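Written out below as structure tokens is the structure these notes cover.
In this text the structure is predicted, and so the values were computed from the model without any measurement.
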Amino acid sequence: MSLSFGGVSKSWHSPTCRERPRPSPNWPLVNRPTLAKVPLTGLSLFLPMSMNQKPTRRAFLKTSGVALAAPYVITSSALGNADRPPASDRIVVAGIGIGNMGRGDQNAFLNRKDVQYVALCDVREDFRDNSKAGVDKHYGNSDCKVYNDFRELLARTDIDAVHIATPDHWHAIMTIEACRNGKDVYCQKPETLTLREGPLMVAAARRYGRVVSGGSQRVLGDYRKMVDPAWAGEYGKIKSINVNVGPMPQLCNLPKEEMAEKIDWDLWLGPAPWAPYNSKRCSGSFSINGSSWRSFSDYSGGGMTDWGAHHFGGALFICDVMELQPEEVTYHGDQGAPYLSLRYPNGLIVYHNRPNTGNLAIEGTPNEPVPPKPVPGYKGDGIYGDFIQCVKTREKPFRDIERAANTAVVAHLGNMAYQLRRSLKWDAAKQEFPGDETANRLVDRARREPWQL
Amino acid sequence: MLNDAFAALKSYDWGTDLAPLAPIEDAVAAAHGNAEAGKELEARLLTALQGELSRDAKDYICRKLTIVGTAASATILAGLLTDENHSHMARFVLERIPAPAAAQALREALPKVSGKVKIGVIGSLGARRDAAAVSALSGLLADGDAAVARAAATALGDIGTVDAVKALQAARPSAAATMQAAIDAQLTCAEALLAENKRAEALAIYKSLASDDRSKLVRLAATRGILACAAKNA
């Protein structure tokens, strides 16, 4: 699972590959001239950043509803100015899942001058309506299109990238489907619900040359006070680090409630087992105490994955094992509250909830400093800027899906060890628990029809 | 305690207290490494499953059988596969337990179901990488229900045998989504073959997908695959 990465080496993403008409008369009919260098399995190719077909004026007029009714006008907005690139150089973005996190992501993209936000999708009608109103107000038009079904949005050929902020049980399906449709993806954390989903998301991203970023802004933003000295070698060889996070997810058997909102319940449940509507079951609040979907195992890995994406992510960054997965998780349940230790191939131990140990407490060898190394970072401003910049350059973002999935693996292994109440060995190359038939059953779960990965 | 928990299952439903079922959780965890205990627990769960229980209670039992279930579970759960209210949770078990009888139950259900339930069964056969299902799944590539055909294509990609690849390459679905799935499945097969150092077989798939009549997205994916084959050969 090792990769050269980040600020050290360039990635090998292929160029974007879009075949699309532009979405509205505000889009000038010019092709992007940008060239991106694409090192690819030892070879280098220069390919246009955008491989979209050049629509002819005639073709455009045929597909434009206003073609024969009004003269074609290129607006000053479309041409750009000193503060904003022309429309042809903006990244066309849409959002799926516009709840608490989705709204934040949407605003971050909406406020970027190099982004044109054109569509959104949510299974809640009021979320769709309110969100569209905000986007339209931002642009001073009514162009933002809304969808209940994400498949219709992903089928659009004019969209470059989507951000996904649905509950976790949807992340893999939507991300993979987006890749199959040639979209780059910014997926909120935790990116996966099962161990199986991570490799499939990575495979889809690599297969179609997509930029797929995970979503924790805290990994780089919150832990620099420890990352910098660690990468400077001041802690010496780090022997262990502890992460305090939780709780595990719980089974949800909340009672049926009358639906007090307009929501496509079957689509909200999606691949998860059928269950009756309950407002707490589908609440997107940040609670993990039983009053939001984040609490429940059918939709989330609980606090273990939700905050774990941040804290484990930070720990793995500090210890420079973001490209690795643990090879063993030891369950310490003999006395007191159980806790875990996860051993990495390089000998590092990541503890979970080690008694009397602070969050991100490190055991190092400061008297034996190691050589410093450059700290990888964003390629744009913040995690959203990093993603958009990588969409343009085809580099890997800081939270590339493989790194993000590796982080989620730690949390999933932890949840499994607590569930089974025993230690587990993990073969990262084979993505299985060697000789452990029972644990291998939990690598994935059957999805409710008609949903497949 | 365990007896009480099984008794509590009879009145368990959405909205009731989960705590009385905790001994079942304990028994599942304790069954690891104790085949007799596991077998006994499975038998009790299966007996309960066949009783008059709420949907939520049956779902709960299926979740536990996912961990302790054996071929004995496959026989009972086969009967739930055709029931649209229980098919998914039956697959929750049958997709994950390694007993060949589980795959057989899924294969035998295939001709008995339709629509979404059929798609679910197809998906589980793919997830199990059930080579014995390739023939049946290949026939579904031309199914009149485009969603079924698409699911079959994806499942064949997961299975990835030589026969699965042949079926995918021969498929000429009219629905665009099915064709997209068939192509994606071929790319999945090629990646698996290359990972197994079957370079020539992978290269043949990639070359077949690199033709001008394919979309640019597919041509690019195929070209990347061809280059990966070259790198593998170097």
Side-chain angles (χ1 to χ4, degrees), chain A residues 12 14-19 40-43 45 47 51-53 151 155 176 179-182 196 200 203-204 206-210 250-257 271-276 278 297 419-422 436-453, chain B residues 12-16 18 28-30 32 55-56 59-60 63 66-69 84-85 87-89 91-98 115-124 126-127 147 151 154-155 158 177 180-181 184 187-188 191 215-217 219-221 223-225 227-228 230-231 234:
Chain A
W12 41 268
S14 63
T16 56
C17 181
R18 300 180 293 265
E19 297 170 80
L40 202 150
T41 57
L43 302 173
L45 299 175
L47 294 169
M51 293 179 69
N52 48 321
Q53 291 177 331
R151 292 169 294 190
I176 291 169
C179 291
R180 287 172 179 158
N181 282 278
R196 174 78 176 130
L200 294 179
R206 305 299 187 246
R207 182 179 307 148
Y208 294 111
R210 296 298 92 200
Q250 54 188 285
L251 186 61
C252 180
N253 75 327
L254 289 166
K256 180 179 181 179
E257 279 182 356
W274 186 87
N278 183 290
S297 55
Q419 180 186 352
L420 297 173
R421 304 177 197 176
R422 60 184 174 85
D436 192 337
E437 179 250 290
T438 303
N440 281 323
R441 299 178 183 203
L442 302 179
V443 168
D444 199 18
R445 59 184 76 163
R447 287 163 186 79
R448 191 170 67 101
E449 53 274 358
W451 301 104
Q452 289 173 285
L453 284 177
Chain B
Y12 177 76
D13 204 345
W14 281 292
T16 57
L18 263 166
V28 168
H32 177 66
R55 179 175 181 171
D56 196 19
D59 288 0
Y60 178 88
R63 292 173 193 272
T66 300
I67 299 175
V68 300
E84 65 178 353
N85 283 338
S87 187
H88 174 225
M89 293 312 287
R91 290 191 297 104
F92 217 76
V93 187
L94 295 170
E95 184 176 306
R96 305 309 308 169
I97 64 176
K116 286 184 179 179
V117 174
K118 195 181 198 84
I119 291 168
V121 173
I122 291 169
S124 288
T154 300
D158 291 335
Q180 183 192 39
D184 186 71
L187 291 167
T188 301
E191 289 161 11
S215 72
K216 289 178 181 174
L217 186 69
R219 291 205 310 272
L220 180 63
T223 302
R224 290 170 57 81
L227 291 169

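- Note: B:Ser124 OG to A:Gln452 CD = 9.0 Å, rounded to the nearest 0.5 Å.
- Heavy-atom distances place both the backbone and the side chain of B:Ala151 under 4.5 Å from chain A.
- Chosen from B:Met89, B:Glu95, B:Arg91, the residue pairing most often with chain A at heavy-atom distances under 4.5 Å is B:Arg91.
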Practice task
Report the C-alpha distance between A:Asn253 and B:Tyr12 in whole Å, list the side-chain angles of each, state the deciding distance to 0.1 Å, and finish with yes or no for side-chain contact (heavy atoms from CB on, under 4.5 Å).
Solution key: CA-CA 9 Å; A:Asn253 75 327; B:Tyr12 177 76; 3.3 Å; yes
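- Rounding to the nearest 0.5 angstrom, the gap separating the CZ atom in B:Arg63 from the CZ atom in A:Arg445 is 8.0 Å.
- The residue among B:Ser87, B:Ala221, B:Gly225, B:Ala147 with the most heavy atom pairs within less than 4.5 Å of chain A is B:Ala221.
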Practice task
I would like to know whether B:Val121 and A:Glu449 meet side-chain contact (heavy atoms from CB on, under 4.5 Å); could you show each step before the answer?
Solution key: CA-CA 8 Å; B:Val121 173; A:Glu449 53 274 358; over 6 Å; no
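- Remark: side-chain polar atoms of A:Arg447 are not paired, donor with acceptor, to backbone N or O of B:Gly120 under 3.5 angstrom.
- In this structure, the separation between CG on A:Leu442 and CD1 on B:Ile67 is 5.0 Å, given to the nearest 0.5 Å.
- Of the listed residues (A:Glu437, A:Arg422, A:Lys256), the greatest number of heavy-atom pairs within a distance under 4.5 Å of chain B belongs to A:Arg422.
- Within a 6.0 Å sphere centred on CD of A:Glu257, other residues, nucleotides and ligands contribute more than 12 heavy atoms.
- For the atom pair CG of B:Asp184 and CZ of A:Arg207, the computed distance is 4.5 Å after rounding to the nearest 0.5 Å.
- Taking 4.5 Å as the limit, every side-chain heavy atom of A:Arg180 sits out of range of all side-chain heavy atoms of B:Leu217.
- Atoms CG and CH2, on B:Asn85 and A:Trp274 in that order, are 8.0 Å from each other to the nearest 0.5 Å.
- Contacts between A:Ala439 and chain B at a heavy-atom distance below 4.5 Å are absent for every atom of the residue.
- Of all the heavy atoms in A:Pro273 and B:Phe92, the pair that sits closest is CG-CE1, 4.2 Å.
- Of the possible donor and acceptor atoms, one in the side chain of A:Arg441 sits under 3.5 Å from a partner among the backbone N and O of B:Thr66.
- Checking B:Leu18, B:Asp56, B:Asp59 one by one against A:Leu251, the side-chain contact (heavy atoms from CB on, under 4.5 Å) holds for a single residue, B:Leu18.
- Looking only at distances, a side-chain donor or acceptor of B:His88 sits under 3.5 Å from a matching main-chain atom of A:Ala446.
- Looking at A:Asp444, the atoms closer than 4.5 Å to chain B (heavy atoms on both sides) sit in the backbone and in the side chain alike.
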Exercise for the section: Step by step, work out the salt bridge (Lys or Arg N to Asp or Glu O under 4.0 Å) result for A:Arg206 and B:Glu191. Expected result: CA-CA 11 Å; A:Arg206 305 299 187 246; B:Glu191 289 161 11; over 6 Å; no
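- Interatomic distance, A:Thr438 OG1 to B:Ile97 CD1, rounded to the nearest 0.5 Å: 11.5 Å.
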